[in-house]
Amino acid sequence: MRRNLVAGNWKMNGSLSANAALLAELKAGLGEVGCDVAVCVPSPYFAQCQSTIAGTALALGAQDVSVHVSGAYTGEVAASMLRDFDCKYVIVGHSERRAYHGETSELVAQKTLSALKSGLTPIVCVGETLAQREAGETDAVVGEQLEAVLELLDVSAIKKIVIAYEPVWAIGTGKTATPQMAQDVHAALRGKVALRDAESAAVVKILYGGSMKPDNAVELLAMPDIDGGLIGGAALKAADFLAIVAAA
Ligand code: PGA
C-alpha cells in the first residue's frame, strides 16, 4: 500500500510575513493527517520554514539542487545545504526549469543522483507540452524523461525517488488532465519502472501535478496509480491546500 504525498510547490512566491501567515494556518488546520505532507519553499526561507514547522506533520522541501558538491558555482545550492535545514524533499526537473533554464533530462538525472547521495528524496517531474500531447507523443516524451533518470540509478535507489507527472499544459492554467488521462500516463510510467524492477514499481510514488484543486483532487486521487499531488497555485491558499491534504 503506497502512502499518498501532497507536496506544495510555492515556486517564487512568498515573503517572511506571508509565509508566517500561511504556515500558521496550515499548522492550525492540519490535525491528524493520513498522508505525507510537504512544502517546497524558496531557499532564502529555509531557516524560517524549518523552525516554524519543526515538530509538525509538515516536511520541508526545496525546488532545485545543484549537481555539484561545493565550490565555484555562483548561485547554486548544494544538496548538503538543503540537508542543513532538514529538507526531506527536493523537486528536480520541474518543467519551468526545463523550459526557462534549459535543463535537459541528463542534467535532471544528475540532480536526482546528487539529491539521493545526500539522503534527500527527489521529486522527479516529467510532462509533455500540449503540442506533444496533440501529436500523440505523451508516452514517448515522459518515458524518455523518466528513462534518463532510471538509467543512472541502481535498482536499490529506484524506490527512493518520487515521480511527478505534470502535463505542461495543465500547470497554472486551470486546465487539468481528466482523472483517466492522468491515470493512463501514471500507469505507463509505473510500467516503465516495472521494466527495471517490479518491486520498485509497486512502491514508487507517482504524484499528479497541474491545476490540482480541492474540487478535482478527490477524483484524481481515487485513481489507482495516483499517489498524491504536487500543488502549485492551490498550495499558496491554506484552505485549498488543507482540502487537498484531506482528500489524500
Ligand atoms: P499548479 O502548479 O498547481 O499551479 O498548476 C503545479 C506545479 O507546477 O508544480
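Start at 1 and go down the list; that is how both ligands and their atoms are numbered.
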Would Arg190 and Asp227 pass as an ion pair if we require N to O under 4.0 Å? yes

Less than 4.0 angstrom from a charged side-chain N to a carboxylate O is my criterion; do Lys111 and Asp64 meet it? yes

Verify, without hydrogens or angle tests, whether Ser118 (side chain) and Ala115 (backbone) share a donor-acceptor contact under 3.5 angstrom. no

Any donor and acceptor pair, going by atom type alone, linking the side chain of Ser66 with main-chain N or O of Val77 inside 3.5 Å? no

With Glu128, which of Gln145, Glu134, Arg133, Glu166 fulfils side-chain contact (heavy atoms from CB on, under 4.5 Å)? Arg133

If we count only N and O atoms by modelled type, under 3.5 Å, do the side chains of Arg98 and Thr104 hold a donor and an acceptor together? no

List below, pair by pair, the N or O atoms of ligand 1 and of the protein that are less than 3.5 Å apart, including the distance to 0.1 Å; reply 'none' if no pair qualifies.
from, atom 1, to, atom 2, distance (Å)
ligand 1, 2 (O), Lys11, NZ, 3.4
ligand 1, 3 (O), Ser211, N, 3.4
ligand 1, 3 (O), Gly232, N, 2.9
ligand 1, 4 (O), Gly233, N, 2.8
ligand 1, 5 (O), Gly172, N, 2.7
ligand 1, 5 (O), Ser211, N, 2.7
ligand 1, 8 (O), Lys11, NZ, 2.7
ligand 1, 8 (O), His94, NE2, 2.7
ligand 1, 9 (O), Asn9, ND2, 3.4
ligand 1, 9 (O), His94, NE2, 3.3
ligand 1, 9 (O), Glu166, OE1, 3.3
ligand 1, 9 (O), Glu166, OE2, 2.7

